[in-house]
Protein chains: 2
Amino acid sequence: MTVNTLHRPTHRDALVHLEAAFERGDMVTIFGRCTVDYDGRATSELGPGDRLVVLKPDGSILVHTDEKRTPVNWQPPGCTHSASVRDGRLLVRSTRTSPDERLDVQFERVEQCSAYAVDDRSDLELVGSEEDLRQHILSDPDVLEAGFEPLETERQSDAGAIDIFGEDADGVAVVVELKRRRVGPSAASQLRRYVDALHREFGDDEPVRGVLVAPSVTERAADMLDREGLEFVALDPETGEPPVEEDDGESRDEGETADDDGDGNRDTDDGDGNRDDA
Amino acid sequence: MTVNTLHRPTHRDALVHLEAAFERGDMVTIFGRCTVDYDGRATSELGPGDRLVVLKPDGSILVHTDEKRTPVNWQPPGCTHSASVRDGRLLVRSTRTSPDERLDVQFERVEQCSAYAVDDRSDLELVGSEEDLRQHILSDPDVLEAGFEPLETERQSDAGAIDIFGEDADGVAVVVELKRRRVGPSAASQLRRYVDALHREFGDDEPVRGVLVAPSVTERAADMLDREGLEFVALDPETGEPPVEEDDGESRDEGETADDDGDGNRDTDDGDGNRDDA
DNA sequence: GTCTGGATATCGCAT
DNA sequence: ATGCGATGTCCAGAC
């Protein structure tokens, strides 16, 4: 873990520094006044301003302003870094093919340029993903519904892989689609695609249930599930249990008969909006 | 555009430096050996390793290893940064409410700590978005289909906003869904939701066409469009014209020989799969 | 390579 | 605030 830093270097000095860092496989940051040009899947231009540029030895590059989590420009891993001096400017270029893309950062002034030797062997351990939710259901299928029996995960269908395929207490086929967050219409559509695929596979005589599992559901999605004859079960991905309700107060006894009362499940929510297609 | 940098500072010196930088509204980078704990929408732990931490004055924080474009840990804008020294470690903490989240970065050693005064007034100009594709179609509706007449953009329906609503040469209602990239099954589902919504709105007697516009389409999505009676039109978001074809092999006679260089087509598209629900 | 779908997605806009 | 959808999404896994 060493750092090699130049302050207000000449472009030539920065260039030498950069090329040595690329050679060593260091991670690099450059801070200075620059413009940015991107051409690839789309095309963008960014006028002069102060930005922090990060170059990683895996070929990724990030251009960060002082706002937002998302870089204003970037390239993903696999690109080739290069640097040069032209017309009194330091040009840092990142290119790749397939797709053909080019990112140019032109510095009129470099305030600081650092090269970092990185040693990092630790892997991130993360809890609370959709995969965790799946494990909860597989280890205790009754949380989904009494008598539910998982038969296969990632079961292939014409419409793609089904998260959990199983059958209910009556032996009816059940498609289970899992989401770690509050779900919107797109999740309902996704479930519908899978149920449709199994109908095509099994024939229309065979009943197929579709169950969407998530901590909560938006009203529009709940309406759609109703119309399409699909079901919703509220489970928290971290605990594998029904989320803590807040208001509601009508925790009736249970029984969960056919629920048609209209509303069904509350909104609870995890405090975040829902994602969607795309 | 000034930079203030400490090399191998004591935790106490780093702390003073950080607090002054927060006060000034500077952007900050810290490089050193650290562990990271996150608890919020999910929960994660990251063991010791060398990382580059970026703190922005808008409240976002990024923890970058030497790989990937995506930070290994982060918080979005709106969080509150704080720093302290405990048990011989420098703790950098980012918290927010709604959702309740906390990110702790504990440095056992700080190799470098820099504060940047950023001046950036330029805005990114980007070409090739879905919005550009829409403008192409609105300014020349015939590229979609001869006689097509756009009537409304962002038209509201029970299922959400329809990109372009219009009618064809026969006066039949047309729902147009735009995508800047190659489309998969989720885009077909999205279009279907909108068409269904208009059927509910107009009644089943009224015909409603659904047209998906994108540079290309996957086979599974094309099959689904077929089954659902939906249509596809290939247009490039940058040019607003049909994408250059490559192979398809059966370039019959048709003219457009022109540049025959031979190859002709690769697969169009930008080399990435499609996005999807979720 | 393409296809498919998850993500602590982030972000912007409308409600 | 929540809902909803775009993104140069990125990314992993499957084929």
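This one's a predicted model, so the numbers in the text were calculated from it and none came from an experiment.
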[N], OP1 or OP2 - any side-chain N/O from [X] closer than 4.0 Å?
X: A:Arg193; N: C:dT4; result: no
X: A:Ser186; N: D:dC4; result: no
X: B:Tyr194; N: D:dG5; result: yes
X: B:Arg96; N: C:dT8; result: no
X: A:Trp74; N: D:dT9; result: no
X: B:Arg134; N: D:dA6; result: no
X: B:Arg69; N: D:dG8; result: no
X: A:Lys68; N: C:dG12; result: yes
X: A:Arg181; N: C:dG6; result: no
X: B:Thr70; N: D:dC11; result: yes

Quick check for you: among [options], whose closest atom lies nearest to any side-chain atom of [X]?
X: B:Pro185; options: C:dT4, C:dC11, D:dG8; answer: C:dT4
X: B:Asp163; options: C:dA9, D:dA6, D:dG8; answer: D:dA6
X: B:Pro76; options: D:dC4, D:dT9, C:dT10; answer: C:dT10
X: A:Glu177; options: C:dG6, C:dA9, D:dG3; answer: C:dG6
X: B:Ser98; options: D:dA1, C:dA9, C:dC11; answer: D:dA1
X: B:Arg182; options: C:dC3, C:dG6, C:dT8; answer: C:dC3
X: A:Glu130; options: C:dG5, C:dA7, D:dT9; answer: C:dA7

Test applied, side chain to side chain contact (heavy atoms under 4.5 Å, CB included); reference residue, A:Val28; option that passes from A:Val54, A:Val53, A:Leu55: A:Leu55
